[in-house]
Amino acid sequence: MERLKTMFDHHPHPASEAGDEAMAAIHGATECALVCIACADACLAEPDPAPLRECIRLNQECADAAQMTARLLCRAGRQDKSALERALRACAEIARACARECDAHAGAMEHCRVCSEACREAAFACETMIPALVA
């Protein structure tokens with residue numbers, strides 16, 4: 001992520017001075033996406049993955065939303081505030097839903113506990129980024 005920060009620092013026309021908030025949201029969303037993919041894979045490897053169907057579905061949805069949000073935030077130039085705000089809110093909402101579902105399995109599956117933690121951190125980082133957006 002250090003190179004990405006360097007890119008932000010040297011962007012000729014950054015959309016705002018919210019580079020730190022953007023970096024935190026990108027990091028949180030990216031980690032969340034990767035952890036969700038790994039959690040879905042771990043759920044599928046469990047002896048009986050059928051009860052984990054909803055967890056796997058939410059892992060996949062959360063990974064997609066988080067990845068898309070991180071990619072949008074990497075475009076540090078002129079941004080559509082309204083679209084970016086909706087993406088951040090959607091990412092936070094899906095991440096919280098995924099965290100709740102993973103919590104239901106966290107006692108028996110460490111991978112779900114780790115995923116829940118990553119999802120909550122991503123939701124917080126996305127929500128923190130929203131007030132930093134500029135018009």
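Computed from heavy atoms alone, side chains included, the values below leave out hydrogens, waters and symmetry copies. Remember, predicted model here, so these are calculated numbers, not experimental data.
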Heavy-atom closest pair, residues [X] and [Y]:
X	Y	value
Thr128	Pro131	O-CD, 3.3 Å
Cys119	Ala99	CB-CB, 3.8 Å
Ala66	Ala29	CB-O, 3.3 Å
Pro51	His105	O-CE1, 4.0 Å

Look at the side-chain heavy atoms of Ile, Leu, Val, Met, Phe, Trp and Tyr, link any pair under 4.5 Å apart, and say whether [X] and [Y] land in one connected group.
X	Y	answer
Phe124	Met129	no
Met68	Ile130	yes
Leu58	Ile37	no

Calculate, to the nearest 0.5 Å, the distance between atoms [atom1] and [atom2] belonging to [X] and [Y] respectively.
X	Y	atom1	atom2	value
Glu101	Ile56	CD	CD1	10.0 Å
Arg120	Cys98	CZ	SG	10.0 Å
Cys126	Ile94	SG	CD1	10.5 Å
Cys115	Glu110	SG	CD	11.5 Å
Arg86	Leu72	CZ	CG	11.0 Å
Arg96	Cys62	CZ	SG	10.5 Å

Note, [X] side chain near [Y] side chain (heavy atom, < 4.5 Å):
X	Y	value
Leu84	Leu73	yes
Cys39	Val114	no
Glu46	Leu52	yes
Leu88	Glu127	no
Arg53	Pro49	no
Cys102	Cys55	yes

### Query
Hey, is the main chain of Cys112 close enough, under 3.5 Å, to the side chain of Ser116 for a donor-acceptor pair?
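Absent.
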
### Query
Going through the checks in order, is the side-chain contact (heavy atoms from CB on, under 4.5 Å) test met by Gln60 and Cys36?
CA-CA 7 Å; Gln60 292 173 333; Cys36 282; over 6 Å; no

### Query
Should we say atom CZ of Arg57 is surrounded by more than 12 heavy atoms from elsewhere, each under 6.0 Å from it?
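Check passes, neighbour count above 12.
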
#### Entry: Full working for salt bridge (Lys or Arg N to Asp or Glu O under 4.0 Å) between Glu93 and Arg89
CA-CA 6 Å; Glu93 184 177 333; Arg89 288 190 191 286; over 6 Å; no

### Query
Side chains of His27 and Glu121: is there a donor and an acceptor less than 3.5 Å apart?
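Glu121 and His27 do not have a side-chain donor-acceptor pair below 3.5 Å.
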
